[in-house]
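First the structure, in the form of structure tokens, and then the observations on it.
Indexing begins at 1, ligand by ligand and atom by atom, following the structure's order. We count residues from 1, following the sequence as given.
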Amino acid sequence: MKEKVSGKFQELFGEGAILFASPGRINLIGEHTDYNGGFVFPGAVDKGIVAAIRLNGTDKVRAYAYDLGESSEFGLREEDKPAESWACYIFGVCREVQKRGGKIGGFDAVFAGDVPLGAGMSSSAALESTFAFALNDLFNCGIDKFELARIGQATEHNYCGVNCGIMDQFASVFGKKGCLMRLDCRSMEYAYFPFDPKGYKLVLVDSRVKHELVGSPYNDRRASCERVAKVLGQEFLRGATMEQLDAVKEQISEEDYRRARYVIGEERRVLDVCDALEKGDYETVGKRMYETHWGMSKDYEVSCEELDFLAEVAEACGVTGSRIMGGGFGGCTINLVKDELYDHFIAMAKEKFNAKYGHEPQIYDVVISDGSRRLE
Ligand code: GLA
């Protein structure tokens, strides 16, 4: 990617670009908990976005999206929002940096990515983090890493229509090779957990059912949680118990009840998984992953037929843990599988999925990698 991005930059804009990169992410467990003030357990991956950037001394941005073969030019004022949806991510980052006092000017950029789009691996966070990190570096804005993550999140909220939590941008900016990160999304405390489960692999099985968070379903889930939190008199659902939820059951809709039930259960599962990891108890980790899957499918209703099928195939093959990963509505499952079962599971997932849906899922081995950085 580095070569193709630099090569294209030279062709379009000439010499002198600096390269920046940010990764996509996986999440072991803790889904739809971030905007509820709960815990998440992500890690950055070896797939992401690479951008070549050089300041151009004007007040315009000229950007080229290598994978789409499209370019966009826009100014830095609120009314300059570009027409291309991919360019809105870059524009949003520019605006959010400025809102935080960052004095930025125009620049030229070429970027490319290898995070599969719509797979639930946060390609958009990788794009936002790349530009937030790069602008902070190139214009010496002095913004700290948490604020860089918040810039990406605010870009989603204010320029892309997704009221996401902080997990994806946090993971992309803070990622560390070989480590998962547990983040408390209320206090923003985090810890790195070296993750090298001896005898197991983490693998993603991508249904290639397109996942699209822009639009209402994701935001609707968040709204349900906020309604219930309000009835409970809390800022977040985090910390609520099932007893408290049952006590207000008559005051909320049946659907909101189920949404909240999932979130309360998920908070417990993340903490269980942390304990289990410390003891090397991967069986418990795997059990909780399946519980998350079915909670997301039945209570939170963010799964789909294809992903339920993949989780069932995993279970039938004896895979330790399997669940839908990310926001949902398509994308991939994350699977914790014993080394000796790996080949069999992958073969079965491909064969059975293909027989039922007419195409093979895509397989990605997880390599836990570093976060946002300037490349040499
Ligand atoms: C998307 C959002 C995140 C998070 C996950 C679900 O990836 O961007 O903030 O809510 O969904 O865990």
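- For ligand 1, the polar-atom distance check against Ser122 finds no nitrogen or oxygen pair separated by under 3.5 Å.
- Taking every heavy atom of Met167 and a limit of under 4.0 angstrom, the matching atoms of ligand 1 come to 4 (C), 5 (C), 12 (O).
- Per-residue contacts place Asp34 under 4.0 angstrom from the following atoms of ligand 1 (heavy atoms of the residue considered): 3 (C), 4 (C), 9 (O), 10 (O).
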Lys198 vs Asp196, salt bridge (charged side-chain N to carboxylate O under 4.0 Å, His left out): CA-CA, chis, key distance, verdict: CA-CA 6 Å; Lys198 292 276 175 295; Asp196 182 21; 2.5 Å; yes

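- Taking distance alone, with nitrogen or oxygen atoms compared against 3.5 Å, Asn27 stays at or beyond that limit from ligand 1.
- Residue Glu31 places at least one N or O, backbone or side chain, under 3.5 Å from an N or O of ligand 1.
- For ligand 1 and Gly165, the ligand atoms under 4.0 Å from any heavy atom of the residue are 9 (O).
- Inspection of the Ser129 and Ser172 side chains reveals an N or O donor paired with an N or O acceptor under 3.5 Å.
- The contact set between ligand 1 and Arg25, taken as ligand atoms under 4.0 Å from a residue heavy atom, comprises 7 (O).
- Heavy-atom neighbours of Lys352 NZ from other residues, nucleotides or ligands within 6.0 Å: at or below the threshold of 12.
- In summary, the atoms of ligand 1 found under 4.0 Å from a heavy atom of Tyr218, numbered by their order in the structure, are 1 (C), 2 (C), 3 (C), 4 (C), 9 (O), 10 (O), 11 (O).
- Residues Lys279 and Asp275 are not paired through a salt bridge, judged by the lack of any N-O separation under 4.0 Å between the basic side chain and the carboxylate.
- More than 12 heavy atoms of other residues, nucleotides or ligands shown are found within 6.0 angstrom of NZ on Lys4.
- Here the closest non-hydrogen pair linking Asp370 and Lys177 is OD1-N, 2.8 Å.
- Residue Tyr35 has no nitrogen or oxygen atom sitting less than 3.5 Å from a nitrogen or oxygen atom of ligand 1, judged on distance alone.
- A distance of 6.0 Å or more separates the ring centres of Tyr200 and Tyr342.
- For a threshold of 3.5 Å applied to N or O pairs, the pair formed by Cys164 and ligand 1 contains no separation below that value.
- Within the structure, ligand 1 lacks Glu266 among the residues with a heavy atom less than 4.0 angstrom away.
- Ring orientation note: the planes of Tyr35 and Tyr218 are nearly perpendicular, at an angle over 60° on the 30°/60° scale.
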